[in-house]
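Read the structure below first, then the notes.
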Amino acid sequence: MTDVIDGDAVAAQVREDLTGAVQTLEEAGVTPRLATVLMNDKQASETYISMKQRDCEELGIAAEDVRIDPEAPADELFDTLAELNAREDVHGILVQDPTPDHVSDERVLSAVDPAKDVDGFHPENVGKLVGGNPRFKPCTPHGVQKLLAHQGVDPDGKEVVVVGRSNIVGKPLANLLVQKADGGNATVTVCHSHTDDLAAHTRRADVVVAACGVPELVDGDMLSEGTVVVDVGINRVDADTDEQSSSSSQNSSSSGDTEKGYELVGDVDYDSAKAKASAITPVPGGVGPMTRAMLLYNTLKAASEQTGVDVTLP
Ligand code: NAD
């Protein structure tokens, strides 16, 4: 019998557990505030921004929706970020990916005050994470770690294979899982597009985390009986033509919508993997909602640290 890990339910629990922190901040006269900055006109990004705004409002975090014309000069974005950095009432800043080609990704990552960098992508925060003293754990890897904990899967001593080495998922997750800390102590292998014989790695894993952006790449033949499978992937598959594309977006828990002409699939072939796995996350409803919940967590952590108001975080 395979456990289907309910990310929606775990995320709801995390949000519930965060209400105390919001209350403590409010009682101290602090309204936690997240500014989201959008500089593209992609529908998927629009959807993600509105979900993040709604999540904040539901929890009692003020959400500021900053829009910048994708055609505007890069300096308009950097001036806006400088203003947000300087504002005492803004505790978290998130720049929605992607920004236009004429804006340097590298410069964006460094332009957000590291104390307000709730994505955890600023080079200073990456350094802290690698050094074993994370300030903000990036939301998706943190969400994966929470899901494993909720499932009673302690990575300590386990073989974990992470498929994907991106800066937003694969690498930070590997760093979290190797740390000498609760939720860490795993033996981690990071596989990527140049890995020779991916299946040889996944077959000897206790836990496989798929974050490669290749629809249904990891199937049951690549797994041993009893593997815990975490599917980070979110791919829009054309419902009519079977044409597939990986979403570059950072999170989603919206259902696939064949009426819109697409459905969402993960990086794992769900049915064949489920037949082998002891536990598996679905898509949607697995990692996606956790990513959103951990953004709320990081925003409250940022507000607490900037104001000196102690809060309890789950
Ligand atoms: P990315 O494109 O930046 O990185 C993909 C990684 O996978 C690369 O490191 C590449 O080397 C590796 N890869 C590609 N093909 C491979 C193959 N055949 N075998 C092994 N490795 C391979 O992607 P990303 O931003 O890390 O996102 C990965 C997936 O997760 C995407 O589907 C994305 O939409 C999804 N995602 C979901 C969430 C969420 O909240 N659930 C958050 C972020 C990303």
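Counting convention: from 1, in listed order, for ligands and their atoms alike. Everything quoted here is computed from the prediction, not taken from an experiment. For this chain, numbers begin at 1 and follow the sequence in order. Values below: every heavy atom of this structure, side chains too, minus hydrogens, waters and symmetry copies.
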Does the side chain of [X] come under 3.5 Å of the side chain of [Y] through a donor N or O and an acceptor N or O?
| X | Y | value |
| --- | --- | --- |
| T36 | Q53 | yes |
| Q179 | N175 | no |
| S272 | D219 | no |

One residue to check: [X]. Relative to ligand 1, which of side chain, backbone, both or neither has a non-hydrogen atom less than 4.0 Å away?
| X | answer |
| --- | --- |
| D267 | side chain |
| V214 | side chain |
| N167 | neither |

Less than 4.5 Å apart, side chain to side chain, heavy atoms only: is that true for [X] and [Y]?
| X | Y | result |
| --- | --- | --- |
| D231 | I280 | no |
| E216 | D267 | no |
| M290 | K146 | yes |
| V161 | V209 | no |

Problem set entry | Verdict with reasoning, Q151 to D3, per side-chain hydrogen bond (donor to acceptor under 3.5 Å, both in side chains) | CA-CA 9 Å; Q151 187 61 23; D3 287 343; 2.8 Å; yes
For this session: Return yes when atom CG of D154 has more than 12 non-hydrogen atoms of other residues, nucleotides or ligands closer than 6.0 Å, and no otherwise.
Result: yes
What atoms of ligand 1 come within less than 4.0 Å of a heavy atom belonging to [X]?
| X | answer |
| --- | --- |
| G213 | 28 (C), 29 (C), 31 (C), 32 (O) |
| T291 | 39 (C), 40 (O) |
| C212 | 5 (C), 6 (C), 7 (O), 13 (N), 14 (C), 22 (C), 28 (C) |
| N235 | 32 (O) |
| L217 | 17 (C), 18 (N), 19 (N) |
| V163 | 20 (C), 21 (N) |
| G233 | 29 (C), 30 (O), 32 (O), 35 (C) |

Exercise. Quick one: does A211 get a heavy atom under 4.0 Å from ligand 1?
Worked result: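 It does, in that a heavy atom of A211 comes within the 4.0 Å cut-off of ligand 1.
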Among [options], whose heavy atom sits nearest [atom]?
| atom | options | result |
| --- | --- | --- |
| atom 20 (C) of ligand 1 | R236, K171, R165, H192 | H192 |
| atom 35 (C) of ligand 1 | I168, D97, V232 | V232 |
| atom 26 (O) of ligand 1 | S166, G7, G288, C191 | S166 |

Exercise. Any N/O of I234 closer than 3.5 Å to an N/O of ligand 1?
Worked result: yes
For this session: Please step through side chain to side chain contact (heavy atoms under 4.5 Å, CB included) for the pair L264 and N235, ending with a clear verdict.
Result: CA-CA 5 Å; L264 297 179; N235 307 287; over 6 Å; no
